[in-house]
Asker: 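Sharing a structure with you now.
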Amino acid sequence: MDLKRFTPVVDKKILIILPGIMWCGVGVMLVSFAVSWLSPNPWKEQFFYFLAGFIAAMPIHHFGFLKIVDKNLKRLLPLTEKRCVFSFMTLKSYLTVLVMVAMGIALRHSSFPKRYLSVLYNGIGLALFLSGIRY
């Protein structure tokens with residue numbers, strides 16, 4: 001039985017757009033968690049935590065995620081033939097995502113105060129969104 005015929009293959013344009021949509025979507029999701037955690041607080045306190053998250057997002061975006069995006073684009077742009085839809089990320093990247101998701105779930109369900117956690121979620125969420133636009 002030839003399993004290759006069941007492999008969902010796509011053009012490189014899809015392989016470039018797909019991670020951009022995914023990164024932006026996850027960024028919005030993380031920021032929405034932070035917003036829901038901060039909404040019961042007074043607006044001055046909300047502003048402080050949002051500002052801290054924004055300040056954290058800039059170096060995460062610039063020194064962390066942009067390097068990953070550029071590395072992925074360098075790998076994807078030269079492609080000439082259709083590839084499996086799941087090849088927009090490397091196996092190492094899938095493992096990294098798995099660890100990050102597990103850490104996020106653990107933090108969300110921990111006793112760590114949500115207002116402090118919102119800074120991390122805002123920072124990573126905004127950095128993911130900004131980096132996703134690069135795709």
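Computed over heavy atoms, backbone and side chain alike; hydrogens, waters and symmetry mates excluded.
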Asker: Within the distance-only criterion (no hydrogens, no angle test), does the side chain of K114 pair as donor or acceptor with the backbone N or O of S36 below 3.5 angstrom?
Answerer: no

Asker: Mind checking whether V69 and W23 have side chains closer than 4.5 Å, heavy atoms only?
Answerer: yes

Asker: So, taking the atom named CG in L30 and the one named CG in L117, what distance separates them when rounded to the nearest 0.5 Å?
Answerer: 10.0 Å

Asker: How would you list, by chain and number, every residue that makes a salt bridge (charged side-chain N to carboxylate O under 4.0 Å, His left out) with R134, sequence neighbours excluded?
Answerer: D70

Asker: Please determine whether residues I55 and F47 belong to a single hydrophobic cluster, defined as Ile, Leu, Val, Met, Phe, Trp and Tyr linked transitively by side-chain heavy-atom distances below 4.5 Å.
Answerer: yes

Asker: Is it the case that over 12 heavy atoms from other parts of the model lie below 6.0 angstrom from the NZ atom of K82?
Answerer: no

Asker: Determine whether the aromatic ring centres of Y121 and W37 lie less than 6.0 Å apart.
Answerer: yes

Asker: For V28, which fellow cluster members are found when Ile, Leu, Val, Met, Phe, Trp and Tyr are connected by side-chain heavy-atom distances below 4.5 angstrom, either directly or through intermediates?
Answerer: F129, I133

Asker: Do Y135 and N72 have side-chain heavy atoms sitting under 4.5 Å apart?
Answerer: yes

Asker: Quick check on the hydrophobic clustering: are F48 and Y116 connected, directly or via other members, by side-chain heavy-atom contacts under 4.5 Å?
Answerer: yes

Asker: Considering the options N122, I124, L128, which one meets the side chain to side chain contact (heavy atoms under 4.5 Å, CB included) requirement together with V31?
Answerer: N122

Asker: Is M29 linked to F65 within one hydrophobic cluster, defined over Ile, Leu, Val, Met, Phe, Trp and Tyr using a side-chain heavy-atom separation of less than 4.5 Å?
Answerer: yes

Asker: Which distance, rounded to the nearest 0.5 Å, do you find between the CG of L15 and the SG of C84?
Answerer: 8.5 Å

Asker: For a quick test of reading the model, state the closest non-hydrogen atom pair linking M58 to L130 and the distance between them.
Answerer: CE-CD1, 3.6 Å

Asker: Among residues at least two apart in sequence or on other chains, which ones pass salt bridge (charged side-chain N to carboxylate O under 4.0 Å, His left out) with D11?
Answerer: none

Asker: Can you list the residues that meet the side-chain hydrogen bond (donor to acceptor under 3.5 Å, both in side chains) rule with S93, with sequence neighbours excluded?
Answerer: T90

Asker: Who are the side-chain hydrogen bond (donor to acceptor under 3.5 Å, both in side chains) partners of S131, not counting sequence neighbours?
Answerer: H61

Asker: Look at the side-chain heavy atoms of Ile, Leu, Val, Met, Phe, Trp and Tyr, link any pair under 4.5 Å apart, and say whether L107 and I105 land in one connected group.
Answerer: yes

Asker: Does a side chain donor of either N41 or Y49 reach within less than 3.5 Å of an acceptor in the other side chain?
Answerer: no

Asker: Measure the spacing between OG1 of T80 and NZ of K12 and express it to the nearest 0.5 Å.
Answerer: 8.0 Å

Asker: State whether the side chain of S110 and the backbone N or O of F112 hold a donor-acceptor pair below 3.5 Å, judged by distance alone.
Answerer: yes

Asker: Would you compute the distance between atom CZ of R75 and atom CD1 of I16 and round it to the nearest 0.5 angstrom?
Answerer: 10.0 Å

Asker: Applying ring pair (Phe, Tyr, Trp, His ring centres under 6.0 Å) as the test, list every pair that has at least one member in residues 78-109; sequence neighbours left out.
Answerer: none

Asker: M22 and I14: same hydrophobic cluster, using ILVMFWY side-chain contacts below 4.5 Å?
Answerer: yes

Asker: Locate the shortest heavy-atom distance separating A34 from S118; write the atom from each residue and the value.
Answerer: CB-O, 3.6 Å

Asker: Hey, are the side chains of R115 and E45 touching, using non-hydrogen atoms and a 4.5 Å cut-off?
Answerer: yes

Asker: Would you say the side chain of R83 lies within less than 4.5 Å of the side chain of V9, judging by non-hydrogen atoms?
Answerer: no

Asker: Can you confirm whether L95 sits close enough to V99 that some side-chain heavy atom of one is under 4.5 Å from a side-chain heavy atom of the other?
Answerer: no

Asker: If you take all heavy atoms of A57 and A127, which pair is closest and at what distance?
Answerer: O-CB, 3.6 Å

